[in-house]
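Please read the structure below before turning to the comments.
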Amino acid sequence: MLSLFARRSRPARPLTVVSADASSSATDPAAATPPGACPLAACAPGARATVLALCCGHQEACRLRALGFSEGTQVDVVDARHAMLLDVRGTRLALGRALTAGITVQPHAAG
Amino acid sequence: MASPPLAAGDLGARHPGSIGGGGSSAAPTAAPARPLRVALVGNPNTGKTTLFNALTGLRQRVGNFAGVTVERHEGRFRTPDGHAALLLDLPGSYSLSAGSPDEAIALEVLIGRGRDVPLPDVVVVVADAQHLERNLFLASQVLELGLPVVVALNQFDAATAAGITIDVPELIHELGVAVVPTVAKRGEGIEALRRAIAQAPALPADGRRFALPEAAESALAPVAARLEDAGLPPSAARMEALRLLGVAHPEAHLADVAELPALLARARAAIADAGLVPERLEAELRYGWIGGVLARCVTRRAPRGRTATDRVDAVVLHRVWGPAIFVALMALVFQSIFTWATPLQDAIEGGMTWLGGRVGALLPPGDLNSLVVDGVIAGVGGVLVFLPQIALLFLFIGFLEDSGYMARAAFLMDGLMRRVGLHGKSFIPMLSGYACAVPGIMAARTVENEKDRLATIMVVPLMSCSARLPVYALLIGAFVPPVAVLGGALTLQGVTMLGMYFLGTVTALGVAALFKRTLLRGPARPMILELPQYRWPSAKSLAIGVYGRASLFVRRAGTVILALSIVLWAMATYPKTTPDASLPEAAQQEQQLERSFLGRVGHAIEPAVRPLGYDWKIGVSIAASFAAREVFVSTMGTIYGVGSEGEAALPDRLRAERDPETGRATYTPLVAIGLMVFYVYALMCISTMAVTVREAGGGRVGWRWAGVQFAYMLALAWGAAFVVYQGGRLLGWG
């Protein structure tokens, strides 16, 4: 039914795995998940973590990187509920849960 | 490293002309034959619009970019040396990689692929001085394009207040272009910015080249070459090649570049073979460069503690207080719209009545008199009465947006909207829909995903807009007693009114959920939202925004609604018949109306509205209000022969109306409630339909979606009114 309304005929956009988890590139630092790494969604408010891999739609990953939320960036978790509030490079972002669940981070030791 | 404190006179006066080494700092001597074309780009929330308003004042106009629905703001100003400049405000974006149709425009214009926009002579990048790190990402992309660039460091005062010191001469050295600190809100630095803009075309602009790893450089060369063949300037082609590595699909305007996806796939593979991650390359490269620039140009006084924004957010985003404040704020907004607008509306109404009386007295009695007074003045006046409400609503929405609260509201509503299948950003268009569906539908542009955007557009007209208010007000005033409820805090009338708004809102959410599960099925795109720092909006910018919206509304009243009023008047007046002279005058008027074209239409649709409990007169009013629902009230006034002076008498006339055959009251409270429910749901607004056609894709696709919207809303309206009336009768309420 949708094809009736689609503006351009465009192939269905697959969810591209941006993280190297599934790729064979052994030189990618994110390929081997280090011990202690977890999804960003698992971090509690007040936590600080370093982004290891963005595992989400290509479009979202592109946007996140433009916003400064790229691999290697340090993020501070300000609040966590249905969406998360994060401080990244001096700006505050709200990210939906579907997104934070797919972002792998390395939490910093507390204190 | 420290820059002296900011003083208005000294802003940007630091050698803006001497950048670029070999470049001549002399202003162009020969006056150009055409105005200087200047494009304004920048991240959202940088004060870009305020800067645009500060540069151009009221010398601006709003149009559309060719073929798309993105609003095009253009303005004029004069450079200090007297040259005319044409300033184009490009939609705010975080990077040139487009997520929404708005952002695609910025890219198209800047790489010279705009459909009706020539390549600009100068690009002004507006960067928020407080968030330079993030803002320099877009700036670094623009710097590569090989166009003359001026960077406006806006909100410089706020950065200074936050303990951020920016070494402007050092930044000029790093970026290789003029950098002008500005405080657009207070007009500081604007003159210096104009001067820098005037000087920029004479400076060399080779386009910055970022050093790429060798493997990436060679892998990208074929892509850049192909883009150059397709007509991109060489420096822009290089930038595009790197940028496209991280983009899932090249933007639509690059679709005609042959074999681009294949070339990109090859480049990605080659880069991956060299041990790099192609998607990350651009961000790593740019943020790496930005890190170095910041280390050399920016110093922070102290680690950032809790800012004012943090303290406000602690309350405004609180789990309990946050939603409570949101609801209270909305209640306040609506209450003020109704109370503050009333005196102004009364004044407009009085003015129209006076004008109608004067013109009516001047013109000889007859059809021309009737056309001008009953058709033109009453028709257009009936709509102009909403101008104060619309202006106030845009003032509030502008304030909420510019202050930074709107993003918080979207965040708060995300939980609810997610259940529907949309995300928090869709809530802003719906909220605007309370005022008027037209700006609401236009606000849906900020929703990046096409399906989510369409679902939002489809339901915005279900939010009770200000044009329904007169209908509710008339029917509630006539049939709902002002009994106190809830211990006197509210009246039954108020509760009924709230109920109508609530009904529309709940239905909008339900219908959105339905669309997202059927026609527009697709995964809910996750929310990515920046929560900007709170700031006090610029009064001038707010005023210019409200003025723009209000004049758009007045223009529409002067064109579409004027034409409709004349058509409706003619339909109610012709063909002329000789009414039975033995009847009283009111009955004669009624007879004339019944025999007119409009009356025939009413009779023709009577079978369709009979099951809802309506007679042909209500049918006429509904038919007349298909183009603009507020016409319902004025049509009722015409039918019952009540002039605008005796408006208070209309409710009495309605209560007294009897069915000529059965002798029972035509309007029972049940009929009135059913009629209100009908108006909650029915899409009776030609402006909304026009804007849906445009925003849903234009052309045939747009018409199809507008058709879907109109049909489902009409079906919903009829069905709900049927259930209310017949259900109520079964329960013995009628």
Side-chain angles (χ1 to χ4, degrees), chain A residues 1-2 4-8 10-16 18-20 23-31 53-54 56-73 78-79 81-102, chain B residues 93-95 97 99 130-134 137-138 246-249 252 255 272-273 275-277 279-280 282-284 287 304 309-310 313 317 319 407 410-411 414-415 418 423-424 448-451 454 518-533 696-697 701 704-705 708:
Chain A
M1 193 70 183
L2 179 76
L4 203 73
F5 295 96
R7 183 168 7 176
R8 310 176 198 98
R10 192 193 270 173
R13 179 172 298 172
L15 283 187
T16 314
V18 178
S19 125
S23 89
S24 58
S25 169
T27 43
D28 178 15
L54 305 179
C56 56
H58 213 130
Q59 206 184 338
E60 278 80 28
C62 179
R63 176 160 286 255
L64 283 174
R65 292 195 182 99
L67 282 162
F69 197 105
S70 50
E71 292 83 352
T73 309
V78 179
D79 200 353
R81 35 186 123 165
H82 48 85
M84 281 181 117
L85 280 185
L86 305 158
D87 271 346
V88 183
R89 297 188 197 260
T91 57
R92 181 155 299 172
L93 300 180
L95 300 188
R97 192 164 192 90
L99 214 50
T100 52
Chain B
S93 46
Y94 293 109
S95 92
S97 296
Q130 286 181 88
H131 302 113
L132 207 50
E133 186 171 9
R134 219 261 324 280
F137 187 89
L138 175 68
V247 177
H249 299 279
D273 281 346
L276 298 160
V277 185
E279 290 83 1
R280 294 184 193 175
E282 190 191 13
E284 279 169 357
Y287 276 108
R304 286 158 20 102
T309 293
D310 289 335
D313 271 348
L317 295 181
R319 279 178 170 74
F411 174 74
D414 185 60
R418 219 164 30 95
H423 65 55
E448 296 96 356
N449 181 267
E450 194 171 338
K451 287 181 182 175
L454 273 171
T518 54
L519 280 182
L520 297 167
R521 195 200 304 266
R525 307 304 292 202
M527 177 175 67
I528 304 178
L529 185 72
E530 186 197 359
L531 301 187
Q533 282 198 320
V701 181
R704 234 172 276 161
W705 279 113
V708 168

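Computed from a predicted structure; not experimentally measured. The sequence lines fix the lettering, A, B, ..., with proteins before strands; numbering per chain opens at 1.
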- Task: Kindly give the heavy-atom pair with the smallest separation between B/G424 and B/D414, and that separation in Å.
- Result: N-OD1, 2.9 Å

- Answer key: most heavy-atom pairs under 4.5 Å with chain B among A/G96, A/A94, A/G72, A/C62 is A/A94

- Specify the closest pair of heavy atoms between A/L99 and B/M527, including all atoms of both residues, with the distance to one decimal. CD2-O, 3.9 Å

- Closest heavy-atom pair, B/E279 versus A/H58, reported as atoms and distance to 0.1 Å, is CG-NE2, 3.7 Å

- Item | Which atoms of B/L132 approach chain A - backbone, side chain, both or neither, heavy atom under 4.5 Å | neither

- Item | A/R89, part contacting chain B, at a heavy-atom distance under 4.5 Å | both

- Item | For the student: nearest non-hydrogen atoms of B/S97 and B/V247, plus distance | OG-CG2, 3.5 Å

- Query: Which bit of A/R81 comes within less than 4.5 Å of chain B, counting heavy atoms only: side chain, backbone, both or neither?
  - Reply: both

- Which one, A/T73, A/L67, A/L64, A/L93, leads in non-hydrogen pairs under 4.5 Å with chain B? A/L67

- Do B/H423 and B/N449 have side chains that get closer than 4.5 Å, going by heavy atoms? no

- Go through the atoms of B/D313 and report whether side chain, backbone, both or neither lie under 4.5 Å from a heavy atom of chain A. side chain

- Side chain from CB out, backbone as N, CA, C, O: work out which of these in B/E530 comes under 4.5 Å of a heavy atom of chain A, or both, or neither. both

- Greatest number of non-hydrogen atom pairs under 4.5 angstrom with chain A, of B/Y94, B/Y287, B/F137, falls to B/Y287

- Which atom names give the shortest non-hydrogen contact between B/L454 and B/A696, and what distance separates them? CD2-CB, 3.7 Å

